[in-house]
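Atoms within each ligand, like the ligands themselves, are counted from 1 in listed order. Worth saying up front: this structure is predicted, and the values here are computed from it rather than measured.
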Amino acid sequence: SSSTMVIIGGDAAGMSAASKIRRECPDTHVIVFEKGEHISYSACGMPYWIGGVVDSDRRLLVLTVDAARKRRGIDVRTHHEVVAIDPVRREVTVRQLGDGTSFQQPYDLLLIATGASPARPPIPGLDLPGVFTLRSLSHAQQIYHFLESRQPRRAVIIGGGYIGLEMAEAFRDRELEVTVVEMLPQILPNFDPEMVEEVAAHVQQQGVTIHTGTRVTAIQQDNPGLAVVTEEAGTLPADLVLVATGVRPNGELARQAGLRMGQTGAIWVDDHMRTSDEHIYAAGDCVEHYHLVLEENAWIPLATSANKGGRVAGENMAGGDARFPGILGTAVVKVFDYTVAVTGVTEQAARASGKFGEQGEWVGSAVITNDDKAGYWPGAEPLKVKLVFDRRDGRVLGGQLAGKAGVNKRIDIVATAITARMTVADVGMLDLSYAPPYSHPYDPVQICANVAL
Ligand code: FAD
């Protein structure tokens with residue numbers, strides 16, 4: 001008889017695995033339990049639908065339930081929530097959200113791809129109407145319909161990370177007044193401070209008020225709207241509040257099943273995406289990954305590693321021998337006319353890690369600002385590049401870029417260099433491309449590397 005693979009969660013990691021298993025082993029019965037309404041949607045695209053860049057939410061659906069069933073032969077069950085895993089009997093308990101009934105589903109192999117959920121800061125008022133989080137397509141639809149039906153004028157965004165800033169742009173595109181409140185001293189807290197200065201000024205020029213170092217203590221009803229109460233910036237009136245204060249891994253099912261949890265609080269997996277139980281795999285935002293620079297596990301929830309980790313898990317569940325090599329946390333964000341990007345470790349993170357000298361004394365860094373293309377080329381704009389390296393051997397540990405063009409691919413030069421364990425000298429001599437509309441004989445990343453030398 002054919003084997004049964006059960007997958008919990010039908011988004012990036014879960015559906016990557018399901019598709020891979022079906023391709024490798026067409027006889028296998030693959031069941032995906034998804035508690036929500038949608039599968040395989042691009043969460044990353046949601047701010048652009050809300051802001052009007054993308055004209056329909058249907059464009060964000062990479063794979064519909066119908067197509068997954070008919071074209072890929074995946075037994076997708078939406079509105080089905082897995083509420084328990086029994087690793088001894090090898091079965092899961094599933095609740096049908098329609099009628100509330102439950103049943104047991106046995107498995108030969110199980111994949112946990114439950115993702116992450118928005119963190120809820122400990123403040124009163126999070127459940128008031130007009131207060132939103134953004135994680136699933138259903139959340140995006142709620143925000144969209146609120147914008148359409150209520151015509152709110154003022155949005156307050158709690159959290160100045162990348163989702164908060166992408167949504168600040170979306171709300172400005174819809175002509176709302178926008179205020180961003182960030183508890184830490186800077187927006188984009190996973191960048192070094194000097195990489196964010198111009199970006200923050202630019203965001204403010206776009207009509208967004210930013211309050212950094214500001215803690216929200218409550219959200220209150222203030223008819224007809226809402227009031228966001230802060231310690232440092234007084235009370236901010238709002239018609240819509242978006243809570244974008246980060247996410248937490250959905251590891252509860254794994255923890256209750258007695259699986260090993262990692263130091264970060266996410267699920268521990270080996271380099272084959274297998275948990276501490278040989279019949280259970282896990283992938284995506286619910287797991288921690290090996291960090292190639294820190295050489296220990298880290299939790300950096302991104303679509304990139306969710307897709308790859310899901311595929312590796314699927315290949316191994318289908319009997320293969322695929323390895324997930326590790327992550328650098330490479331990320332790029334559009335912030336109005338700017339693009340910012342990061343890979344590896346920031347200088348702050350490298351120093352704090354204790355891996356490069358107790359006080360971080362082996363952490364070196366270089367920052368340059370140069371034209372992003374030949375200075376005489378019309379429309380050349382300043383580009384800021386930072387490289388972080390190990391002073392002992394010159395090995396590149398991290399990179400950050402901020403500018404208006406050419407940021408996204410240049411960060412990938414740095415990511416590739418770190419993966420190949422290159423030194424700043426190696427980067428300075430890479431044979432990269434040049435013509436005046438694009439770059440310089442030494443690319444700005446190489447100019448930075450040569451300053452670091
Ligand atoms: P999820 O997408 O969280 O999917 C998990 C699924 O499991 C969910 O559908 C959930 O309903 C289901 N589930 C959970 N528990 C159960 C259960 N017990 N039973 C049944 N089903 C369950 N990443 C990038 O790399 N680049 C970007 O530009 C980017 N932009 C983003 C923008 C926004 C607004 C958001 C919210 C995220 C963004 N991300 C981005 C992050 C990216 O969306 C996630 O890393 C990715 O979705 C993770 O995929 P996943 O499959 O691990 O988890």
Side-chain angles (χ1 to χ4, degrees), residues 6-18 31-51 60 62 65 76-85 92-97 102 105 110-119 132-140 143 157 159 161-170 242-244 246-254 256-257 266-267 273 282-289 299-311 313 327-335 339-342 408:
V6 168
I7 295 176
I8 313 172
D11 198 25
M15 292 307 293
S16 296
I31 309 174
V32 175
F33 292 116
E34 165 56 55
K35 69 178 177 186
E37 187 177 342
H38 308 282
I39 58 160
S40 279
Y41 56 92
S42 173
C44 316
M46 296 186 307
Y48 304 105
W49 169 55
I50 295 171
L60 303 179
V62 183
V65 173
V76 175
R77 320 256 189 100
T78 49
H79 302 293
H80 281 62
E81 179 176 12
V82 173
V83 292
I85 301 168
V92 293
T93 306
V94 187
R95 188 188 293 145
Q96 307 192 61
L97 298 178
S102 294
Q105 172 62 55
L110 177 70
L111 173 70
I112 304 173
T114 46
S117 296
F132 298 94
T133 55
L134 178 60
R135 175 74 193 179
S136 65
L137 190 55
S138 302
H139 292 150
I143 295 172
I157 299 172
Y162 79 89
I163 291 177
L165 293 179
E166 287 177 353
M167 288 304 295
E169 184 173 348
L242 178 71
V243 181
V247 287
R248 299 282 170 271
N250 292 330
E252 228 16 70
L253 284 175
Q256 280 167 13
I267 304 168
M273 308 308 291
D285 283 4
C286 60
V287 306
E288 56 179 45
H289 294 104
W299 187 61
I300 307 179
L302 287 170
T304 46
S305 34
N307 278 283
K308 290 168 195 141
R311 183 189 166 99
I327 57 165
L328 291 173
T330 310
V332 61
V333 194
K334 177 181 183 302
V335 189
T339 305
V340 292
V342 58
N408 57 327

* List the steps and the verdict of salt bridge (charged side-chain N to carboxylate O under 4.0 Å, His left out) for Arg248 and Asp285. => CA-CA 9 Å; Arg248 299 282 170 271; Asp285 283 4; over 6 Å; no
* List every atom of ligand 1 that sits less than 4.0 Å from any heavy atom of Asp285, numbering the atoms from 1 in the order shown and giving each element. => 44 (C), 45 (O), 46 (C), 48 (C), 52 (O)
* Check whether any N or O atom of Glu166, backbone or side chain, sits under 3.5 Å from an N or O atom of ligand 1, and answer yes or no. => no
* Asked: Taking both backbone and side-chain atoms of His38, is any N or O found less than 3.5 Å from an N or O belonging to ligand 1?
  -> no
* Checking side-chain contact (heavy atoms from CB on, under 4.5 Å) against Val76, which of Ile31, Ile39, Ile7 comes through? -> Ile39
* Please could you name the atoms of ligand 1 that Thr114 approaches to less than 4.0 Å, counting only its heavy atoms? => 5 (C), 7 (O), 14 (C), 15 (N), 16 (C)
* So, for Ala13 and Ala283, which heavy atoms are closest and what is the spacing to 0.1 Å? -> CB-O, 3.6 Å
* Kindly indicate, with the supporting measurements, whether the criterion side chain to side chain contact (heavy atoms under 4.5 Å, CB included) is fulfilled by Val62 and Tyr41. => CA-CA 5 Å; Val62 183; Tyr41 56 92; 6.0 Å; no
* Asked: Nearest to atom 12 (C) of ligand 1 by heavy atom, Glu34, Lys35, His80: which?
  -> Glu34
* ligand 1 and Asn250, any nitrogen or oxygen pair closer than 3.5 angstrom? -> no
* Near Leu253, which atoms of ligand 1 are under 4.0 Å from a heavy atom of that residue? -> 18 (N)
* Asked: Which atoms of ligand 1 are found less than 4.0 Å from any heavy atom of Leu134?
  -> 34 (C), 36 (C)
* To do: List the steps, then state whether side chain to side chain contact (heavy atoms under 4.5 Å, CB included) holds for Glu169 with Leu165.
  => CA-CA 6 Å; Glu169 184 173 348; Leu165 293 179; over 6 Å; no
* Asked: Of all the non-hydrogen atoms in the protein, which one sits nearest to atom 40 (C) of ligand 1, and at what distance?
  -> Cys44 SG, 3.2 Å
* side chain to side chain contact (heavy atoms under 4.5 Å, CB included) assessment of Thr78 paired with His38 -> CA-CA 7 Å; Thr78 49; His38 308 282; over 6 Å; no
* Asked: Numbering the atoms of ligand 1 from 1, which are under 4.0 Å from a heavy atom of Ala306?
  -> 48 (C), 49 (O), 52 (O)
* Please confirm whether Asp11 comes within less than 3.5 Å of ligand 1 when only nitrogen or oxygen atoms on both sides are compared. => yes
* Taking side chain as C-beta onward, heavy atoms only, is Val92 less than 4.5 Å from Leu253? -> no
* **Ala303 N/O under 3.5 Å from ligand 1 N/O** => yes
* Asked: Run the side chain to side chain contact (heavy atoms under 4.5 Å, CB included) check on Met273 and His289 step by step: do they pass?
  -> CA-CA 9 Å; Met273 308 308 291; His289 294 104; 3.9 Å; yes
* Asked: Looking only at distance, does Pro47 have an N or O less than 3.5 Å from an N or O of ligand 1?
  -> no
* Using a strict cut-off of 4.0 Å, indicate which atoms of ligand 1 neighbour a heavy atom of Ala113. => 5 (C), 6 (C), 7 (O)
* In ligand 1, which numbered atoms sit nearer than 4.0 Å to a non-hydrogen atom of Ala12? -> 49 (O), 51 (O)
* Minimum heavy-atom distance between Gly10 and Glu34, given as atom pair plus value -> N-OE1, 2.8 Å
* **Atoms in ligand 1 with a heavy atom of Thr304 nearer than 4.0 Å** => 25 (O)
* Asked: Are Met167 and ligand 1 in contact, using a heavy-atom cut-off of under 4.0 Å?
  -> no
* Is Val82 close to ligand 1, meaning an N/O of one under 3.5 Å from an N/O of the other? -> yes
